[in-house]
Protein chains: 2
Amino acid sequence: MGIADDAVEIRARGWRTLASLHGLIDAALEKDLTTEVGLSVVEYTLLDALNRQDGWHMRMAQLARATALSPSATTRLVTRLEDRNLLSRVLCADDRRGIYTELTPLGHELYQKAKPIHDATLERILKQAEEQPELAPLARILHEFSLA
Amino acid sequence: MGIADDAVEIRARGWRTLASLHGLIDAALEKDLTTEVGLSVVEYTLLDALNRQDGWHMRMAQLARATALSPSATTRLVTRLEDRNLLSRVLCADDRRGIYTELTPLGHELYQKAKPIHDATLERILKQAEEQPELAPLARILHEFSLA
DNA sequence: ATACTATCGTTGCACGCGCAACTAACCAGC
DNA sequence: GCTGGTTAGTTGCGCGTGCAACGATAGTAT
């Protein structure tokens, strides 16, 4: 009984810590990326996902999964980036329902410019989180462990 | 050089894992809490924060911090909950700019009803995440470690 | 071929969010 | 007392999001 309650409490604490650290990092990335290169966090996440598939296409559903977004939000996100000429939609012949997306040269270029900013902010915030008692344990784990 | 690059990559991976797990948990909580008790995650988070201060008031700014929300969003969140008679605004005498909030009996009752749902979903999703290779390491840590 | 069902992506809609501008209240200094 | 600066909370506004409904294509059974 007491043990089970403890487990519940530990999970709840852990979740609060996770949410808090996530909010902290997300807000910092959002601020820095928008001011420096005009990208929101999800926009960067999408470019990053496309870039890690170097040279290869991704379908809308994959992008939705990578960004943790709904299909509709993904549609509009891709539309926004397409309007800025950062990526292009490519109809694929074998399944005419599906839509591939790929980075344009401009999109690749902007990503290269954004990545160091992203990485620097991430390092800065994690370092800062390690000095905050509630966040330190989790932050330290992200900093040091491979997690996969 | 290679070492520094590795550190950057490890951090980026860690952040993606964190964001992914956060999204997974958040979506599941959102779904279960709204369908079962009509509360969003932030709404539950706020009630939870108030409840952990048992019997004591919280100011708007504290609530904003607890929910990782902007001041304006906090105002409207509190207004929503107040309109449902789950909490009440209390002007405090010593600083007439400040506003205290406290749970109503109805709010306390709803929280008691929501908490087991929240905890069950959290446990379920964490268990499920532990079977997903990318998320497992982080999920296991939340499950087992005290983190404070 | 013809239906029937499933999947992929897109749109209408309402809603919650952050930012900037605002009001009200506190707190100096003089 | 009054003035200037700061802090607490609230509103106007534009925007991104999820949900539900939709059209279009694919797959399958008969």
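Here the structure is a predicted model, which is why all the values come from computation and not from measurement.
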Fill in the blank from the handout: Of A68(A) and A93(A), the one whose closest nucleotide on DNA chain D sits nearer the 5' end is A68(A)
Exercise for the section: Using atom CG of L63(B) as one end and atom C1' of dT10(D) as the other, report the distance to the nearest whole Å. Expected result: 15 Å
Exercise for the section: Determine: side-chain N/O of R59(A) to OP1/OP2 of dG9(C), distance under 4.0 Å, yes or no. Expected result: yes
Exercise for the section: To the nearest Å, give me how far apart CD1 (I99(B)) and P (dA8(D)) are. Expected result: 12 Å
Problem - From dG12(D), dA25(C), dA26(D), nucleotide with atom closest to R76(B) side chain - result: dG12(D)
Problem - Atom-pair distance (CD on E43(A); P on dG16(D)), nearest Å - result: 8 Å
Practice task
Among the candidates dT10(C), dT10(D), dA26(D), find the nucleotide nearest to the side-chain atoms of R97(A).
Solution key: dA26(D)
Problem - Polar side-chain atom of T74(B) near backbone of M60(B) as donor-acceptor pair, under 3.5 Å - result: no
Practice task
Please answer whether the main-chain N or O of R13(B) pairs with a side-chain N or O of T17(B) as donor and acceptor at a distance below 3.5 Å.
Solution key: yes
Handout entry: Protein-nucleotide distance (D83(B), atom CG; dT10(D), atom P), rounded to Å
Key = 12 Å
Problem - d(CD, E30(B); C1', dG18(D)) in whole Å - result: 9 Å
Practice task
Give a yes/no answer on whether the side chain of R96(B) brings an N or O atom under 4.0 Å of OP1 or OP2 in dC26(C).
Solution key: yes
Exercise for the section: Grab the CG-P distance between D26(A) and dT17(D) for me, whole Å please. Expected result: 11 Å
Fill in the blank from the handout: Quick note, A73(B) side chain, CB onward, closest among dA24(D), dC17(C), dT10(D) is dC17(C)
Problem - Heavy-atom donor-acceptor pair, T34(A) side chain to L39(A) backbone, under 3.5 Å - result: no
Practice task
Nearest whole angstrom, please: distance from the C1' of dG16(D) to the CZ of R80(A).
Solution key: 6 Å
Practice task
Please assess K127(A) against E123(A) for the test salt bridge (Lys or Arg N to Asp or Glu O under 4.0 Å), listing each intermediate value before the final yes or no.
Solution key: CA-CA 6 Å; K127(A) 202 158 267 176; E123(A) 177 173 14; 3.7 Å; yes
Problem - Polar side-chain atom of S20(A) near backbone of R16(A) as donor-acceptor pair, under 3.5 Å - result: no
Practice task
Tell me what L69(B) touches on the nucleic acid: a base, only sugar-phosphate, or nothing, going by heavy atoms under 4.0 Å.
Solution key: sugar-phosphate
Exercise for the section: Send over the distance from L77(B) CG to dT10(D) P, rounded to a whole Å. Expected result: 11 Å
Problem - Pairwise 5' ranking along DNA chain C for T74(A) and D95(B), keeping only the more 5' one - result: T74(A)
Fill in the blank from the handout: With the side chain defined as heavy atoms from C-beta on, S72(A) is closest, among dG18(D), dG9(D), dA25(C), to dG18(D)
